[in-house]
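Take a look at the structure below.
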Amino acid sequence: MLTFAKICMVSLVAVLARWCVSLGDYSGAGKPPMFGDYEAQRHWQEVAVNLPVQEWYKNSSRNDLMYWGLDYPPLTAYHSYLCGLVAKYLKPDWVALNISRGYESYEHKLFMRYSVLLVDVFIFFPAVYWTFAARKPHLTDQDASVKSYLLMLLYPGLILIDYGHFQYNCVSLGLALLAVTSLATNHDVLGSVLFCLALNYKQMELYHAMPFFCFLLGTCLRDIRRGGFWRLVQIGLAVLATFATCWAPFLLDLDTAKQVLNRLFPFARGVFEDKVANVWCSLSVLIKWKQMMTLEQILKLCLCVTGACLLPSSVDLLCRPSFTKFRYALVNSSLVFFLFSFQVHEKSILIPALIVCTLIPDCPFWCFWFLQMSTFSMLPLLIKDGQLVPYIAFMLLYPLLFNAFNPIRPDTAPPTDTQVWVNIFVTLAFCISCVGQVFLSLALVIFPPPAGLPDLFPLVISVFSCAHFLLFAAYFHYCQFTAGISVDHSHKTKAANGKHSKTFSKAMNKATVENTTKHKSLANKLKLRKKKHD
């Protein structure tokens, strides 16, 4: 009962933080003619509720795809349709076809904010709770799961994007998190269905697809003689059934299905948009990709580099599947996609951040550093949306809260000379990172950029953040590759100790027998001498 009360209190604190952010501006507020992501979500409701399903992704006089055309999978469209029905019932002007563009009012803003909060509370909150409730209880801290629950719900990046910038990331991330926890509790079919739903809500969940595939295939192959093949068949059928159900209205016509796919993967937009903290944007300072290569060549380059960087983690998980490796592989896969794939948005860093949040009890220092940097990397976007004040508040309060539950210092290890030097290096790098974040934040807000370089500060922030994400990718790859080695080593040590113990016991028994024999022999000799003397 006490734990339930704490969970309720923590949930209310998380809701309060979200509502405080939602009181401010949103993406594109009062900025015609395209406005921003807030208008995109409203426009999708307008299209979905007024047009037949087959026209949602097609360009026409009633659906101008150049004005925020639907470019997310069917599940997002269905969600927009449901929200549009409610909006049409409350006030038809909110979703009137072709005449409601750029609609802004206090009542509509309230409706849109509530629409995010509703799915957040009923999808993302339970997913986070189940994630930490499914873990083994902490030996010394009974409130460890509650603390982790609070720290994940108050992750600044997701709150600022969903309630400031305005999106529904909590839906796809919540479904993905439910899928991960389902696999942790041996519900493989359920987990597969949930992940397919996440993928059909936002195609960026492809960042997590390879670890899911390798983990499920690896465990089924490992247990092939114990029902693994049948489990693999069940998973395959569940995946096909889920996709068929989500795509059913669009599969009746091949051209319609192709049009949906073209909208989901708009390769013509280029390798990246705005200033994103990935490798291609960072290297564009020195290498002008668009001048040196064609769009098709850049696409192939991104595909090859992403596949090559994804291979080590995937092969390791496939050959040695374990849930610990699976969690690290989810971080590694999503980071590789963010750093090297084609057409990356700055908001996509939320995808690896989701799994990093679940690792807070295991490596709190590195998780905090990543979560802090992921929020900082989106600063230019947040300032554009009028989120500077909430950003400052979160960046000041979240470290204090995190440190109260998990002291922010490098993970302690056996006190070897090497580990001491590693901890010193990591601590120094963390301090430099914090100072750099403060300096660049002030520079972006206070100092005007040079006349000929209007994007100087956003570009420096993206390069600075990219260097950190490369470091994090190296660290989490190390964690995945070494996961289980310490356990195996301990088993070997125990076996060796057992072997030595047996050898020692045999030696002691042998010595005891020899000593006993010697004593008996000496006693017999004394008896013989005594008889002769008598």
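Keep in mind that the numbers below use all heavy atoms, side chains included, and drop hydrogens, waters and symmetry copies. Keep in mind that this is a model prediction, so the values were computed, not measured.
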Listing, residues 74-83 side-chain donor-acceptor contacts under 3.5 Å, not counting sequence neighbours, or none:
{"residue": "T76", "atom": "OG1", "partner": "Y201", "partner atom": "O", "Å": "2.3"}
{"residue": "Y78", "atom": "OH", "partner": "C246", "partner atom": "O", "Å": "2.6"}
{"residue": "H79", "atom": "ND1", "partner": "Y201", "partner atom": "OH", "Å": "2.7"}
{"residue": "S80", "atom": "OG", "partner": "T76", "partner atom": "O", "Å": "3.0"}

> Distance-only, no hydrogens or angles: does the T181 side chain make a donor-acceptor pair with backbone N or O of L178 under 3.5 Å?
Replying inline: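 Here the side-chain-to-backbone pair does not exist.
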>> So does V276 get a backbone contact from the side chain of E346, meaning a donor-acceptor N/O pair under 3.5 Å?
In response: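 Not at all, since once roles are kept as given, no pair shorter than 3.5 Å links the two residues.
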> So among L335, V336, V344, L330, which one has a side chain to side chain contact (heavy atoms under 4.5 Å, CB included) with Y207?
Replying inline: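 When L335, V336, V344, L330 are each tested with Y207, the side chain to side chain contact (heavy atoms under 4.5 Å, CB included) holds only for V344.
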> Under 6.0 Å between ring centres, would you say that holds for Y26 and F166?
Replying inline: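 Distance test on ring centres: not under 6.0 Å, no.
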> Is the distance between the ring centroids of Y114 and W19 under 6.0 Å?
Replying inline: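 Close enough - the centres of the two rings lie under 6.0 Å apart.
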Does anything in [range] pair up under salt bridge (Lys or Arg N to Asp or Glu O under 4.0 Å), and if so which pairs, sequence neighbours excluded?
range            : result
residues 22-32   : none
residues 234-249 : none
residues 68-78   : D71-R269
residues 102-123 : R18-D120

For [X], what residues pass the side-chain hydrogen bond (donor to acceptor under 3.5 Å, both in side chains) criterion, not counting sequence neighbours?
X    : value
Q45  : none
S374 : Y155
Y57  : none
Q480 : S313, D316, N332

>> For E39 and R42: C-alpha separation, side-chain torsions, deciding distance, then whether salt bridge (Lys or Arg N to Asp or Glu O under 4.0 Å) applies.
In response: CA-CA 5 Å; E39 167 63 11; R42 188 214 61 78; 2.9 Å; yes
>> Can you confirm whether more than 12 heavy atoms, excluding those of M9, are under 6.0 Å from its CE atom?
In response: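 12 or below, so no.
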Could you list the donor-acceptor pairs under 3.5 angstrom formed between side-chain atoms of residues 122-129 and any protein atom two or more places apart in sequence or on another chain?
none

>> Please report the interatomic distance CD1(I159) to CG(N169), rounded to the nearest 0.5 Å.
In response: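 Between I159 CD1 and N169 CG, I get 12.5 Å after rounding to 0.5 Å.
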> In Å, rounded to the nearest 0.5 Å, how long is the span from CD1 of I383 to OG of S441?
Replying inline: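 Interatomic distance, I383 CD1 to S441 OG, rounded to 0.5 Å: 7.0 Å.
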For a quick test of your reading: what N or O donor-acceptor pairs under 3.5 Å do the side chains of residues 446-469 make, sequence neighbours left out?
{"residue": "S462", "atom": "OG", "partner": "L459", "partner atom": "O", "Å": "2.6"}
{"residue": "S465", "atom": "OG", "partner": "I461", "partner atom": "O", "Å": "2.8"}
{"residue": "H468", "atom": "ND1", "partner": "F464", "partner atom": "O", "Å": "2.8"}
{"residue": "H468", "atom": "NE2", "partner": "S433", "partner atom": "OG", "Å": "2.7"}

>> One pair to check against side-chain hydrogen bond (donor to acceptor under 3.5 Å, both in side chains): H108 and Y38. What are the steps and the verdict?
In response: CA-CA 11 Å; H108 185 256; Y38 177 93; 2.8 Å; yes
Identify all side-chain donor-acceptor contacts of residues 285-293 below 3.5 Å with residues at least two apart in sequence or on another chain.
{"residue": "K288", "atom": "NZ", "partner": "S284", "partner atom": "O", "Å": "3.0"}
{"residue": "W289", "atom": "NE1", "partner": "W280", "partner atom": "O", "Å": "3.0"}

